[in-house]
Amino acid sequence: MDYKQTLNLPKTAFPMKASLSQREPEVLKRWQAIGLYGQIRESSKGRPRFILHDGPPYANGNIHIGTALNKILKDMVIRSRQMNGSDAPYVPGWDCHGLPIEHQVDQELGDKKKGMTRVEIRKQCRAYAEKYVEVQKEEFKRLGVLGEWDNPYLTMKHSYVATIVREFGKFALDGSLFKSKKPIYWCSTCKTALAEAEVEYEMRTSPSIYVKFPLVSDISGDFPSLKGKKLYLIIWTTTPWTIPANLAVALHPAFEYVAVEIGRDEVFIMARGLLENTMEALGIKEYEILAQVDPMRLEHKLCYHPLYKRQSPVILARHVTLDAGTGCVHTAPGHGREDYEVGLDYNLDIYSPVDDDGRFVYDVEFFAGMFVFDANSAVMAKLAELGTLISKESIEHTYPHCWRCKEPVIFRATEQWFISMEKAGLRQKALRCIDQVTWIPAWGRDRIYGMIENRPDWCISRQRSWGVPIVAFYCKECGKYLITREIIDHVSGLFELHGADIWFEADNSVLLPEGTTCPECKGNTFEKEEDILDVWFDSGVSHTAVLESRDYLTWPADMYLEGSDQHRGWFHSALLTAAGTRGRAPYESVLTHGFVVDGKGEKMSKSKGNVIAPSEIINRYGGEILRLWVAASDYQDDVRISEKILKQLTDAYRRIRNTSRFILGNLGDFDPEADAIPYRNMLEIDRFALHRLQGLVRQARAAYDSFEFHAVYHDLYNYCTLDLGAFYLDVLKDRLYTSPATSTVRRSAQTALNTILDTMVRLMAPILSFTAEEVWAHMPGTDVRSASVHLTQLPEVNETFLDDELAGRWESILLLRGEVSKALEEARGQKIVGHALDAAVTLSLPEEFGAVVKPNADELRTVFIVSRVNILAGEELPARLASPPASPERERGRAGESVAGRSDAYRSTGIPGLAVRIDPAPGEKCERCWIHDRSVGADGLHKTICARCLKVLKAGERVM
RNA sequence: GGGCCUUUAGCUCAGUUGGUUAGAGCGCACGCCUGAUAAGCGUGAGGUGCCUGGUUCAACUCCAGGAAGGCCCA
């Protein structure tokens, strides 16, 4: 007879092999078909809301691994909050305007662009954005991210654009808005402003000149040794044409400067660290240091301009370096980024006397009308003529060039729009708002605080086509700009209906409210502004464009969740726009994650070849593995990814999957409604398992509460391996397989298993959303369950399953089990036994420990999974077991070696006083349950079967 | 160059307020099983706690300096 057929072996349709890349799309299809997102919304009506407001990714290109990390994290936050008693809707969004798209479209259009109107270009850009919104949408869905995908927010939608105008209007009307000059990259061939991303650095030969600036101020009071000398600050530059715009000479406040006499009573001042280099460049061999000069004492002193009859002050600036030059830096605030910044500090004019063609304007003495690069030699000649040029060479260096025409570009100040950090107290408002927010991790607060504290005014204008127009008019009579509440209301209304294209299509009779007159000069003819808004303003106001416009969302959001770069980006622009218009932050909390780096912790880059695309992982391993990777990582730091890490995660995934599968297999004939055993009637070990399960629930819920998904992962995984695999499930096999199918003892185990799986599956649902759903579908009692695990709630700690007294005893048994395992391993090594069921275990228990374990003595055989357990009472102990180890330092197991015989006792170190002896179990091995028992062979018919199994068989026969 | 941050076994992570021999799982090695089987179980070996100083009876933990890496500026 084939006794295997009489066993209750696991049986389930749940496949061991996950085939994630095939199965996941099916799960997604089903979610779509049953309208899962809508069902969740419906089922959670009236619950407290949790609003995670999505930061809009830029609608350009495929998603990368960092985007995937971000979106999956968001999904886990949403799902765990949703399953935690909240109503957590998720409205994804996209950032659609801006340079990268316009730049892409520019490249695709090539020369065709020249003949196109702005509106036509904008149409192309819109189509481009639309395309990538769809591409990315599918990619996000594939990650298992659940949300309102059929109604996302787009920053280019009419209603959104109208909101942008209204929010912009608030800054215009509260006095924050102003116009000022700022240097930007300018291509004088294309006559256009360029963004940083549009300049390419190429080698170019430029002049390299040293110029002396005669010091006007007498500093001999501070430096007596310089009395009566002719003092000069020496500067070095590669752009002689910017000398006419020089307004200052900058020194570093912390560098050492020296005054050096070079003969003829001429004294040059420069940084000590660059003295030798400079002297060599100037060809001066003999010189004498007369004094050390403290740069702080030179601040605000004056020099003559080397060309003109005006004076330039000495200023202090930290951007001065010792890499090249003299440590005295020619400063033209209208022609350099750092010059501009320091110019603001010293209230210098942003002077930039160059027109759109790159020519000096009419009032520039000597050089009016000259193209700047042609003016280089003229400037040098004039300097030489005036005796202020002291060296002239040329240099090869990298210089910015226009991406389109490849000509060198210049830095040139142009009129820009700014939102002031001070005029309406924006900086102070924003700083105050920061402390109303919970920053996770906490250092996010200091980071953004420092940024807001130090940032310059917000330059919000761009000379581009693809964006939201700055709604402003200029009076043709007096030139003043005009922005009024009426204009904002009127234009935002137009945008709401027609979109922002109308700004470029319609004329002022449409764009201006009827009867608009200039309040300054009463003029009534106007010109509209052509600049567009910085896209950070677009996305910055999403809190109002999205949260305030959908009645199922709330303002402020409960959470913003983005990478840590967004302290300078979206968190920042959202804070400014909300603080300025509403006086508080648009978020209650801000959670940031690190960046994805490679296995060595280094940044991913194409050139390093260490980039891993999400699609690659999805195709090879499945989206679930990507989700598990996100869950397993501590996102507060940078997150590593590598083949090795993915391999580890697939192993971990299989473990969780197989554990679920094994339980499902043993629940194949279990109907929870009909077969469950009341808790009080369950076996102790099953009750202990339920007690331990509550520990998992407690830990996992706490981890979810604080968004520590990696703790959930570790707890869940360790639970599968330790609590279940290494103990409970292993012990349970004998009972599940060999007991009568409907027996109380087997039903008791199944009741526990059902609760365990039901708990596990809901705990894993926010992380392993696909697999949890798959398990859910295979669980017994499906007809009385929700259609999806994602419609259920996280398990709560069930107090009725807590029994500390019982748990205490069983923890001791577990400890004992560990020691027995070691003894068995030793015996295996000595070939006394193979499988544990070959063994009989004899224990000599220390008194106190023995008392604890005693009530469960009969269960030890099954807990150890051995054939027999003998417990020796203290007085019965053989002498060799009773005597303490000769010395505590002696290695384990050696205590018994002095005694002859193969079954030396194992002497425990974990439980002092415990000795374990392993012998081959007496009796034959039962063919059915594999336990060695003396009763095997007693039955005439079933000669290879033990008494216990015989009983089961007999009972089965009767039933049959 | 500046601001913020990170650094614990090969990997992913734990480690209360400074206090015994720094933990877990995986991976690895060895063994068992073949009734979770492209599975399962057991045992074991792995750590200069990034480095250097300092405070302290005592430092992975506190302080200073440095290194490597990351984000944001310049």
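Within every chain, numbering begins at 1; the chains are lettered A, B, ... in the order of the sequence lines, protein sequences first and strands thereafter.
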Checklist entry - Rounding to a whole Å, what distance do you find between A:Q636:CD and B:rC13:P? => result 11 Å
Checklist entry - Would A:W930 and A:D734 count as having a side-chain donor-acceptor pair, cut-off 3.5 Å? => result no
Next on the checklist: Rounded to the nearest 0.5 Å, what separates atom CZ in A:R698 from atom CG in A:L693?
Outcome noted: 10.5 Å
Checklist entry - Across all strands shown, which nucleotide pairs with B:rC33 by Watson-Crick or G-U wobble geometry, both distances under 3.5 Å? => result none
Item to check | Check: A:L763 main-chain N/O paired with A:Y704 side-chain donor or acceptor under 3.5 Å | outcome: yes
Checklist entry - Quick one: which of B:rG3, B:rG70, B:rG42 gets closest to the side chain of A:D638? => result B:rG70
Checklist outcome for this item: The Watson-Crick or G-U wobble partner of B:rG18, with both key distances under 3.5 Å, is none
Checklist entry - Under 4.0 Å: is that the gap between some side-chain N or O of A:H710 and OP1 or OP2 of B:rA14? => result yes
Next on the checklist: When you measure only distances, ignoring hydrogens and angles, does the side chain of A:R568 come within 3.5 Å of the base of B:rC72 through a donor and an acceptor?
Outcome noted: no
Item to check | Charged N-O contact under 4.0 Å between A:E624 and A:R657 | outcome: no
Checklist outcome for this item: Across every strand shown, the nucleotide meeting Watson-Crick or G-U wobble geometry with B:rC28 (both distances under 3.5 Å) is B:rG44
Next on the checklist: Work out how far the P atom of B:rC73 is from that of B:rG18, and round it to whole angstrom.
Outcome noted: 37 Å
Item to check | Residue A:T721, side-chain heavy atoms: nucleotide from B:rG31, B:rC26, B:rG70 that is nearest | outcome: B:rC26
Item to check | Where protein sits on nucleotides 34-39 of chain B, one letter per nucleotide: B base, S sugar-phosphate only, - none, heavy atoms under 4.0 Å | outcome: SBBSSS
Item to check | For B:rA38, the Watson-Crick or wobble partner whose two distances fall under 3.5 Å | outcome: none
Checklist entry - Parallel, tilted or perpendicular: which fits the ring planes of A:H567 and A:W439, with parallel below 30° and perpendicular above 60°? => result tilted
Item to check | Test item: A:F595 and A:K603 side chains (from C-beta on) under 4.5 Å apart, heavy atoms | outcome: no
Item to check | Base-pairing assignment for B:rA59 (Watson-Crick or G-U wobble, both under 3.5 Å) | outcome: none
Item to check | Where the chi angle of B:rG25 falls, syn if within 90° of 0 and anti if not | outcome: anti
